[in-house]
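Just below is one structure, and these are the notes that go with it.
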Amino acid sequence: MPHEMLAPLMFGVLVIFLLLGYPVAFSLAANGIFFGLLGIEMGLLKPELLQALPERVFGIMRNDTLLAIPFFTFMGLILERSGMAEDLLVTIGQLFGAIRGGIAYAVVFVGALLAATTGVVAASVISMGLISLPIMLRYGYSPRLAAGVIAASGTLAQIIPPSLVLIVLADQLGKSVGDMYRGALVPGLTLAACYMAYVLLVSLFKPQAVPALPPHARTLRGSALAARVAGTLVPPLVLIGLVLGTIFMGVATPTEGGAMGATGALGLALAKRRLNFTLLKQAMDSTTKLTSFVIFILVGSTVFALTFRAVDGDLWVENLLATLPGGAMGFLIVVNMLIFVLAFFLDFFEIAFILIPLLAPVAAKLGIDLVWFGVMLGVNMQTSFLHPPFGFSLFYLRSVAPREVRTVDIYWGAVPFVIIQLIMVALIIAFPQMVLHYKAEETRSDPAAIEMQIPVPDAPAPPEGLQREGTGPASGGDAATEIERALLRPR
């Protein structure tokens, strides 16, 4: 078998395994090991290749960035199980209840707030489905719109910091999680505003689908409502400021911010007198399961990538995508179409660990900013939670929805919000500054931009040739980087 045939064959076999329904982590690892042994047996690869595998696995375990995943997951679960979501929904529902679509606005608002404090889709969707959906149905909301706005608002946790998706994307792209958070903040909030704009359009053209709460259902008014809003909103906002503020200002790393957030969530639950052993055990169990799921997929993808790069699979993908017509724009169109289609069958972790390492070198070669690229893909991958028939948000909502809400209503209700998310991808491409504003902040505070000139009396000027040589530390660093890449690249 020719060496150049191994890469496409390896990728094709992986796709077959995934379509057959085998667990992703084990499919990746088994595929990598099988083709590695096959290449060694055929004399196409050296036996020393697989000796690099243990060090790569230990490298995953030593990755401090990944520690942010259990911290933020634990924080979100503690807040959700301590009743914060319920308090927010009831209070904001009372605040917006007097206008058409008021509960739907409240769901989007609370979904964005939960996203900024929890970062966990399942917690947001289940909480809002249990609390808001029965109320919306009781007062005459369209089942499709009610289901769609709840499922879509829960997915905001995937793009609004501190999102787990952004942590994984930053790790796979080799970029700073803080930069990814700064870049995603404006698109995430804009997406929430687009959801509200859709509810507004429905209230204008189909008001019977989103009626206002009747007067007898609005039990809080005046000073009582103001006190309730202040008491419910202030603690989460303080926690958001504590976590994201310290990360954005560079005071804390995302891992340290996650640790502070988890501690703050425990403090809020304790202040509400809702912290007990049962709640703590449930949160720890769920955090352990999700973190183990992520790590197993990452280990499997590492095994796959080791062999795939050894057979020049990365060069095969690069040549395949870099020669597309249209240059960078053609590449972006094809990649977004590919991610959108794969999201019907794979979840965001699987897409991030399998495809992003293959796409990132091509994007960098085309001059695309990788933080911008990651945020754009994050919004696109967000649709994987809403795709009928396999979207996880749809499954979460189905598990808690009343029987009168049909599954087809949940599916059709999600379609307009999938379209809104695709429009958001187009907006990010059309207006890249929505993400790239993080660079302006970076430039203002970059220590490397500070120039210091110290006069040296009677110092002879260096020869003109040496001034052009570039023999300083920067040049040496670049050379070292190239040497390291050459040494680490499997052959």
Side-chain angles (χ1 to χ4, degrees), residues 14 17-18 21-34 36 50-78 118-123 157-158 161-178 180-181 253-259 261-262 265 280-309 342-343 345-360 374 377-378 381 384-385 392:
L14 175 63
F17 271 105
L18 295 178
Y22 285 97
V24 176
F26 301 123
S27 298
L28 286 166
N31 207 4
I33 293 175
F34 173 77
L50 297 182
Q51 294 179 0
L53 187 57
E55 185 60 31
R56 290 200 172 203
V57 174
F58 282 122
I60 296 172
M61 303 306 172
R62 291 192 295 263
N63 190 338
D64 293 339
T65 303
L66 296 178
L67 274 176
I69 293 177
F71 282 140
F72 283 122
T73 303
F74 181 77
M75 179 184 77
L77 292 171
I78 289 291
T118 66
V120 182
V121 171
Q158 294 309 109
S163 160
L164 301 184
V165 171
L166 297 177
I167 296 173
V168 172
L169 286 174
D171 180 69
Q172 294 299 300
L173 292 169
K175 309 304 288 186
S176 162
V177 177
M180 197 71 74
Y181 278 1
T253 66
T255 300
E256 294 166 345
L280 196 60
K281 182 178 182 299
Q282 290 175 348
M284 293 176 69
D285 286 346
S286 298
T287 300
T288 303
K289 289 176 183 177
L290 179 62
T291 306
S292 301
F293 169 76
V294 174
I295 294 300
F296 265 99
I297 293 182
L298 184 53
V299 170
S301 67
T302 299
V303 178
F304 177 83
L306 177 66
T307 304
F308 194 69
R309 291 180 184 275
L342 288 178
F345 311 102
L346 304 175
D347 70 15
F348 66 94
F349 279 131
E350 296 159 0
I351 294 174
F353 288 138
I354 296 172
L355 286 184
I356 301 304
L358 303 178
L359 299 176
L377 292 184
M381 285 192 288
S384 67
F385 280 88
F392 282 101

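Keep in mind the model is a prediction, meaning the values are calculated, not measured.
Distance CG/Leu377 to CG/Leu359: 7.0 Å, rounded to 0.5 Å. Here the CE atom belonging to Met284 is positioned 11.0 Å from the OG1 atom belonging to Thr291, to the nearest 0.5 angstrom. Between Thr287 atom OG1 and Phe72 atom CZ the span is 13.0 Å, to the nearest 0.5 Å. Here CG of Leu169 is found 9.0 Å from CZ of Phe353. Values are rounded to the nearest 0.5 Å. The CD1 atom of Ile69 sits 9.5 Å away from the OG1 atom of Thr255 when rounded to the nearest 0.5 Å. With rounding to the nearest 0.5 Å, the separation of CD1 in Ile354 from CG in Leu14 is 5.0 Å.
Considering every non-hydrogen atom in both Ala352 and Pro357, the closest pair reads O-CD, 3.4 Å. Of all heavy-atom pairs spanning Leu77 and Ala283, the tightest one is CD1-O, 3.6 Å. The two residues Ala265 and Ile78 have their closest heavy-atom pair at O-CG2, 3.5 Å. Pairing each heavy atom of Ser163 with each of Tyr181, the nearest pair is O-OH, 3.6 Å.
Salt bridge present: Asp285 and Lys281 bring a charged side-chain N and a carboxylate O closer than 4.0 Å.
With contacts defined as side-chain heavy-atom distances shorter than 4.5 Å, the pair Leu280/Phe74 qualifies. Contact check for Leu290 versus Leu164: side-chain heavy atoms found under the 4.5 Å cut-off. In this structure the side chain of Ile356 never reaches within 4.5 angstrom of the side chain of Val168, judged on heavy atoms. The shortest distance between side-chain heavy atoms of Asp171 and Ile167 does not fall below 4.5 Å.
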Which pairs would a plain distance check flag for residues 299-308, meaning a side-chain donor or acceptor within less than 3.5 Å of a matching protein atom at least two apart in sequence or in another chain?
| from | atom 1 | to | atom 2 | distance (Å) |
| --- | --- | --- | --- | --- |
| Ser301 | OG | Ile297 | O | 3.3 |
| Ser301 | OG | Leu298 | O | 2.8 |
| Thr302 | OG1 | Leu298 | O | 2.8 |
| Thr307 | OG1 | Gly32 | O | 2.8 |

